[in-house]
Amino acid sequence: MEQLYPQAATELQHRNPFELLIATVLSAQATDASVNKATPALFQRYPDAFALAQATPEEVEPYIKTIGLYRSKARNIVLLARRLVEQHGGEVPVDKAKLRALPGVGWKTATVVLGAAFGVPGIAVDTHLTRLAARLGLSAQKDPEKIGGDLERLFPKEKWVFVHHALILFGRYRCTARNPKCQDCPLYSDCLSKGAW
DNA sequence: ATCCCGAGGG
DNA sequence: CCCTCTGGAT
């Protein structure tokens with residue numbers, strides 16, 4: 001039987017909100033696996049926001065060399081830590097708007113962190129979900145926040161995490177950007193594109 | 001060789 | 001809206 005989804009989605013493996021936040025920001029343009037690999041040394045050297053806030057981006061760079069975008073990311077996470085110290089007592093705020101206001105934290109990252117660090121359910125919209133929403137006509141706009149809200153309204157809160165994972169995998173491996181596997185697609189009748197990508 | 005899990009800036 | 005950043009996946 002054909003394997004529907006190649007490798008099981010890896011996950012960020014971190015312990016506290018600070019680590020989760022930093023790891024999530026870092027994972028924007030890298031795989032979870034490479035983030036998990038680079039991160040232990042980083043957090044041993046900079047265990048909390050206070051430690052990281054005192055570092056310079058140049059000092060941090062070596063720790064995340066293997067992660068994409070390391071130059072801007074090194075700067076980003078240092079600025080992020082400084083804002084955490086200055087505005088939130090070194091803690092990660094449990095508030096989507098406050099998270100969203102942090103440098104390097106967009107809507108998707110804020111939603112993921114809230115879920116992973118504090119168990120707050122939410123549907124984090126990435127490019128896969130954006131594409132899926134467009135093809136299924138679930139959301140007229142491309143704004144991730146709008147799409148996330150539409151999706152969340154469509155399903156009961158207890159299902160959000162499941163729905164999120166299912167749709168992400170479906171979008172990534174089946175309803176792909178190019179050459180989507182439309183054969184036997186269970187959503188074909190609801191699709192606005194119908195193979196006309 | 002080409003594409004891209006996202007954020008910020010133009 | 002479009003672009004860039006950049007290592008890694010395909």
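Since we're looking at a predicted model, the values are computed, not measured. Throughout, a chain's letter reflects where its sequence line sits, starting with A, and its residues are numbered from 1.
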Calculate the interatomic distance between [X] atom [atom1] and [N] atom [atom2]; express it in whole Å.
X	N	atom1	atom2	value
A/Asp143	C/dC2	CG	C1'	16 Å
A/Lys108	B/dG8	NZ	P	14 Å
A/Tyr70	C/dC5	OH	P	12 Å
A/Asn36	C/dG8	CG	P	14 Å
A/Leu79	B/dG8	CG	P	11 Å
A/Arg172	B/dG6	CZ	C1'	14 Å
A/Arg174	C/dT10	CZ	P	16 Å
A/Leu69	C/dC3	CG	C1'	14 Å

For [X], answer base if it contacts any base atom (sugar-phosphate contacts may also be present), sugar-phosphate if it contacts only those atoms, and nothing otherwise; contact means non-hydrogen atoms under 4.0 Å.
X	value
A/Thr66	sugar-phosphate
A/Pro103	sugar-phosphate
A/Val105	sugar-phosphate
A/Ser72	nothing
A/Ser34	nothing
A/Ile64	nothing

Worksheet item: Hey, is the main chain of A/Ile123 close enough, under 3.5 Å, to the side chain of A/Glu152 for a donor-acceptor pair?
Response: yes
Worksheet item: So, A/Asp126 side chain and A/Leu129 main chain: donor-acceptor pair closer than 3.5 Å or not?
Response: yes
Worksheet item: When you check the phosphate oxygens OP1 and OP2 of C/dT6, does a side-chain N or O of A/Arg71 lie under 4.0 Å from one of them?
Response: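 Yes, such a contact exists.
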Worksheet item: What distance, rounded to whole Å, do you find between the two C1' atoms, one in C/dG8 and one in B/dG8?
Response: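 These two C1' atoms come out 23 Å apart once rounded.
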Candidates [options] - which lies nearest the side chain of [X]:
X	options	answer
A/Thr127	B/dA7, B/dC5, C/dT6	B/dC5
A/Arg100	B/dC4, C/dC5, B/dG8	B/dG8
A/His128	C/dT6, B/dG6, B/dC5	B/dC5

Discussion item. Quick check on the hydrophobic clustering: are A/Val92 and A/Trp107 connected, directly or via other members, by side-chain heavy-atom contacts under 4.5 Å?
Written reply: no
Discussion item. Using every non-hydrogen atom in the two residues, find where A/Asp95 and A/Leu114 come nearest and quote the distance to one decimal.
Written reply: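 Nearest heavy atoms, A/Asp95 then A/Leu114: N-CD1, 3.9 Å.
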Fill in: Smallest separation among heavy atoms of A/Gly137 and A/Leu192, with atom names
CA-CD1, 3.5 Å
